[in-house]
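As structure tokens, the structure follows; a few thoughts come after it.
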Amino acid sequence: MQLSQRVRPKDLEDFFSSVGKVREVRLISDRNSRRHKGIAYCEFTDASYVPMAIGLTNQKLLGVPIIVQASQAEKNRAAANSQNLQKGSSGPMRLYVGSLHFNITEDMLR
């Protein structure tokens, strides 16, 4: 998203609430100047809201037309889903689980 320098997370949450419930909004800031870079990530409670949010491209937020695109994570998820559909299988999904207590065994996780 290309955003106005005046935008706040609450502005984005209000803007995207028209398509669905927003879980989190994160403005990306420059680490030296602490000013945001005109980019934000908006996470919805349901992935089905993403295409509707992309449909808001070129709508004005604080007087500036914004560009809404799927994040790389969303593109990866879509590609993985399409590959699983082509194979006809919804096989296992690998997850990383860390910070486990040393007494937990592999059998306990199964």
Minimum-distance pair of heavy atoms, taken over all atoms of [X] and [Y]:
X	Y	value
Leu62	Arg6	O-NH2, 2.7 Å
Val19	Tyr49	O-CD2, 3.1 Å
Asp30	Lys37	CA-CE, 3.9 Å
Val22	Val25	CG1-CG2, 3.7 Å

Q. Judged by atom type as modelled, is there a donor-acceptor pair below 3.5 Å linking the side chain of Thr45 to the main-chain atoms of Arg23?
A.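 Checking the backbone N and O of Arg23 against the side chain of Thr45, no donor-acceptor pair under 3.5 Å is found.
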Q.
Any heavy-atom pair between the side chains of Leu12 and Leu27 that's under 4.5 Å?
A.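 Result yes, sub-4.5 Å side-chain heavy-atom pair found.
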Q) Less than 4.5 Å apart, any side-chain heavy atom of Ser18 and any of Leu56? A)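 SC-SC contact between Ser18 and Leu56 confirmed.
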Distance from [X] atom [atom1] to [Y] atom [atom2], nearest 0.5 Å?
X	Y	atom1	atom2	answer
Glu24	Tyr41	CD	OH	12.0 Å
Glu13	Lys21	CD	NZ	7.0 Å
Phe16	Leu61	CZ	CG	7.5 Å

(Q) So, using salt bridge (charged side-chain N to carboxylate O under 4.0 Å, His left out) as the criterion, who are the partners of Arg8 when residues are at least two apart? (A)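 Result, salt bridge (charged side-chain N to carboxylate O under 4.0 Å, His left out) vs Arg8: none returned.
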(Q) If the condition is salt bridge (charged side-chain N to carboxylate O under 4.0 Å, His left out), which residues does Lys10 pass it with, not counting sequence neighbours? (A)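 By the salt bridge (charged side-chain N to carboxylate O under 4.0 Å, His left out) rule, Lys10 matches Asp14.
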Q | Candidate pair Phe15 and Ile66, rule side-chain contact (heavy atoms from CB on, under 4.5 Å), full reasoning | A | CA-CA 11 Å; Phe15 182 78; Ile66 63 170; 3.4 Å; yes
**Q.** Listed partners of Asn58 passing side chain to side chain donor-acceptor pair (under 3.5 Å), at least two apart
**A.**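 Here no residue qualifies.
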